[in-house]
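Here is the structure we will look at, set down as structure tokens.
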There are 2 protein chains.
Amino acid sequence: MRVDNKHSALITFGENLRNFRKEIGLSQEELALQADLDRAYVGGLERGERNPTIMSLLRIAKPLEVTVSELLEGVK
Amino acid sequence: MRVDNKHSALITFGENLRNFRKEIGLSQEELALQADLDRAYVGGLERGERNPTIMSLLRIAKPLEVTVSELLEGVK
DNA sequence: GTGTGACTCCAAGTCCGTC
DNA sequence: GGACGGACTTGGAGTCACA
């Protein structure tokens, strides 16, 4: 299920994710492939519609070459 | 269900959490109350047996007066 | 290349308890 | 105060088709 009531924390995380992804010049599709995730799932993360767990954050962080902590900078 | 195969990322997070909690001088029970979480759940987090979501991290971070990013420092 | 709704499956998170 | 377990409900993980 998607997060209907989008929380600002998830929006902020999604923006961070999108920024990091673009910096490295990947498409959602390419990132999804490298993170071994579905591209629709990655898209949902960027739009703040998902509330991922630490382990999911870890899978996303690795191909972006950032830490989980960096992905969550400014999240409150 | 509890996480049987404890991942090092979750162990690291659990240690961070325990350190922050003790610094502020709260019991697991008191923290759970302030975070509006179950006391058994907070214990499980500290032991690295749980894989929390961003929103759960946020609830824990608030009473500890730290950021989610700080809670996940060193997690990889 | 991305957004979105709908779906299944199983883990996140709750609530009770004992030691 | 903290570790741990059983049983339960909710919601995240993961996937697909189609726009």
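Each chain gets a letter, A, B and so on, in the order its sequence line appears, and its residues count up from 1. Only this structure's heavy atoms are used, side chains among them; waters, hydrogens and symmetry mates stay out. Computed from a prediction, not measured in an experiment: that's the story for all the values here.
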Nearest whole Å is fine: how far is D/dG2 P from B/Leu17 CG?
11 Å
May I ask whether A/Leu17 and B/Met55 are part of the same hydrophobic cluster, defined by side-chain heavy atoms of I, L, V, M, F, W, Y residues being less than 4.5 angstrom apart, directly or through others?
yes
In one Ile/Leu/Val/Met/Phe/Trp/Tyr side-chain cluster, 4.5 Å: A/Ile11, B/Leu58
no
Would you say a side-chain N or O of B/Thr53 is under 4.0 Å from OP1 or OP2 of C/dA12?
no
Which nucleotide, D/dG2, D/dG14, C/dG3, lies nearest any side-chain atom of A/Arg59?
D/dG14
same_hphob_cluster(B/Leu72, B/Val66) at 4.5 Å side-chain heavy-atom cutoff:
yes
Taking the side chain as every heavy atom from C-beta outward, state whether B/Thr53 and A/Pro52 have any atom pair closer than 4.5 Å.
no
Side chain of A/Leu37: nearest nucleotide among C/dG1, D/dG2, D/dG14?
D/dG14
How long is the line joining CG of A/Leu45 and C1' of D/dA13, in whole Å?
10 Å
CE of A/Met55 versus C1' of C/dA11: gap in Å, rounded?
13 Å
DNA chain D stem ranges, 3 or more consecutive Watson-Crick or G-U pairs under 3.5 angstrom:
C:2-19 with D:2-19
So does A/Arg50 get a side-chain nitrogen or oxygen closer than 4.0 Å to the phosphate oxygens (OP1/OP2) of D/dT15?
no
Sequence neighbours excluded - side-chain hydrogen bond (donor to acceptor under 3.5 Å, both in side chains) pairs with any residue from residues 67-76 of chain B:
A/Ser69-B/Ser69, B/Thr67-B/Glu70
Hphob cluster co-occupancy, B/Leu33 + B/Leu64, side-chain heavy atoms under 4.5 angstrom
no
Judged by each residue's nearest nucleotide on DNA chain D, which is more toward the 5′ side, B/Ser27 or B/Asp38?
B/Ser27
Round to a whole Å and report the spacing from CD1 of A/Ile54 to P of C/dA11.
17 Å
OP1 or OP2 of C/dG13 less than 4.0 angstrom from a side-chain nitrogen or oxygen of B/Ser56, does that happen here?
yes
How many whole angstroms separate atom CG of B/Leu10 from atom C1' of C/dA12?
12 Å
Round to a whole Å and report the spacing from CG of A/Leu31 to P of C/dT2.
10 Å
Separation of B/Asp36 atom CG from C/dG13 atom C1', in whole Å?
12 Å
Note, B/Phe20 side chain near B/Ile24 side chain (heavy atom, < 4.5 Å)
no
Examine the base of D/dG2 for any acceptor or donor lying under 3.5 Å from a partner atom in the side chain of B/Arg39, and report the outcome as yes or no.
no
Respond yes when some side-chain nitrogen or oxygen of A/Arg18 is under 4.0 Å from OP1 or OP2 of C/dG3, and no when none is.
yes
Are A/Tyr41 and D/dA13 close enough that a side-chain N or O sits under 4.0 Å from OP1 or OP2?
yes
